[in-house]
Amino acid sequence: DVKVTQSSRYLVKRTGEKVFLECVQDMDHENMFWYRQDPGLGLRLIYFSYDVKMKEKGDIPEGYSVSREKKERFSLILESASTNQTSMYLCASSIAGIYTDTQYFGPGTRLTVL
Amino acid sequence: SQELEQSPQSLIVQEGKNLTINCTSSKTLYGLYWYKQKYGEGLIFLMMLQKGGEEKSHEKITAKLDEKKQQSSLHITASQPSHAGIYLCGASSYSGAGSYQLTFGKGTKLSVIP
């Protein structure tokens with residue numbers, strides 16, 4: 001079974017803090033994704049990576065950065081957290097190269113920025 | 001960009017009843033995914049449909065893809081409380097460098113009353 005884990009289920013941070021969200025997958029998947037999920041807006045793609053050290057902007061990259069130093073690990077960084085970044089963050093991974101590659105999701109991190 | 005509209009937004013059914021959730025795309029569907037999400041948790045992959053009028057079933061859940069209508073439907077037979085959750089559809093689109101993105105609908109919240 002594919003396993004995608006996220007470093008925290010719940011996180012509370014203060015405005016202006018630097019926040020790291022980590023995601024690890026154990027299936028040697030090339031692609032990894034970060035989404036945020038908000039009521040009424042659904043899932044929106046923040047960033048994705050199709051290889052180590054490679055990254056691509058998704059639909060809403062502003063205020064975020066990512067790091068992929070190892071194939072199994074994809075980090076989402078909030079350089080200076082703001083209250084509008086309070087959200088549920090979901091990480092996913094998939095095999096590369098075929099359009100029918102299924103994305104497997106982690107359990108999510110609910111981030112609250114005060 | 002591709003947009004997915006799900007209907008209904010929410011659904012309350014009596015245990016044992018059948019129900020259908022629809023997902024309509026603004027563009028041609030090449031890969032359509034159905035996921036289920038329990039409140040506050042990650043997405044669980046249910047099934048994937050490829051272009052070509054495919055139909056798949058898993059236990060009491062059946063999904064169909066109507067490529068002409070650019071629509072997919074998810075049908076649950078004899079619903080149970082364990083079916084409760086948020087159902088999301090996702091459509092695959094090519095994002096370059098051999099990888100594909102998923103665009104999601106906003107979800108349908110299903111409640112099953114015992």
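Lettering of chains follows the sequences in order, A, B, ..., and the numbering in each one begins at 1.
When every heavy atom of B/Tyr35 is checked against every heavy atom of A/Thr102, the shortest pair comes out as OH-CG2, 4.0 Å. Nearest heavy-atom pair, B/Glu41 versus A/Leu90, reported as atom, atom and distance to 0.1 Å: O-CD2, 4.3 Å.
Within 6.0 Å of NZ in B/Lys64 there are 12 or fewer heavy atoms belonging to other residues, nucleotides or ligands. Heavy atoms from other residues, nucleotides or ligands lying under 6.0 Å from CD of B/Glu15 number more than 12. Residue B/Gln9 qualifies as open at atom CD: its count of foreign heavy atoms under 6.0 Å is 12 or below.
For a residue to count as touching a neighbouring chain, one of its non-hydrogen atoms must lie under 4.5 Å from one of that chain's; by this rule B/Gln37 touches chain A with the side chain only. Neither the backbone nor the side chain of B/Ile44 comes within contact range of chain A; no heavy atom of the residue lies under 4.5 Å from a heavy atom of that chain. Neither the backbone nor the side chain of A/Tyr10 has a heavy atom closer than 4.5 Å to any heavy atom of chain B. Using a 4.5 Å cut-off between heavy atoms, A/Gln6 does not touch chain B at all. Only the side chain of A/Arg9 comes within contact range of chain B, judged by heavy atoms closer than 4.5 Å.
No continuous path of ILVMFWY side-chain contacts below 4.5 Å connects A/Tyr64 to A/Leu45, so the two sit in separate hydrophobic clusters. Side-chain heavy atoms closer than 4.5 Å link hydrophobic residues (I, L, V, M, F, W, Y) into clusters, and following such links, even through other members, never connects A/Leu21 to A/Met88. A/Ile60 and A/Tyr47 end up in the same hydrophobic cluster when Ile, Leu, Val, Met, Phe, Trp and Tyr side chains are linked at under 4.5 Å. Both B/Val13 and B/Ile76 are part of a single hydrophobic cluster, where members link through side-chain heavy atoms under 4.5 Å apart. A/Val4 is not connected to A/Val24 by any chain of hydrophobic side-chain contacts under 4.5 Å among Ile, Leu, Val, Met, Phe, Trp and Tyr, and they are in different clusters.
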Margin query: For a side chain to side chain contact (heavy atoms under 4.5 Å, CB included) check, start with the C-alpha distance between A/Tyr104 and B/Leu43, then their side-chain angles and the critical distance, and finish with the verdict.
Written below: CA-CA 8 Å; A/Tyr104 295 92; B/Leu43 277 65; over 6 Å; no
Exercise for the section: Could you check B/Phe45 against A/Phe105 for ring pair (Phe, Tyr, Trp, His ring centres under 6.0 Å), going step by step and ending with a plain yes or no? Expected result: CA-CA 8 Å; B/Phe45 171 70; A/Phe105 283 79; 10.0 Å; no
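A side chain to side chain contact (heavy atoms under 4.5 Å, CB included) with B/Leu102 is found for one member of A/Phe33, A/Tyr35, A/Phe48 and no other, namely A/Tyr35.
When the candidates A/Gly40, A/Pro39, A/Gly108, A/Cys91 are compared by the number of heavy-atom contacts under 4.5 Å with chain B, A/Gly40 comes out ahead.
The distance from atom CZ of B/Phe104 to atom CD of A/Gln37, rounded to the nearest 0.5 Å, is 9.0 Å.
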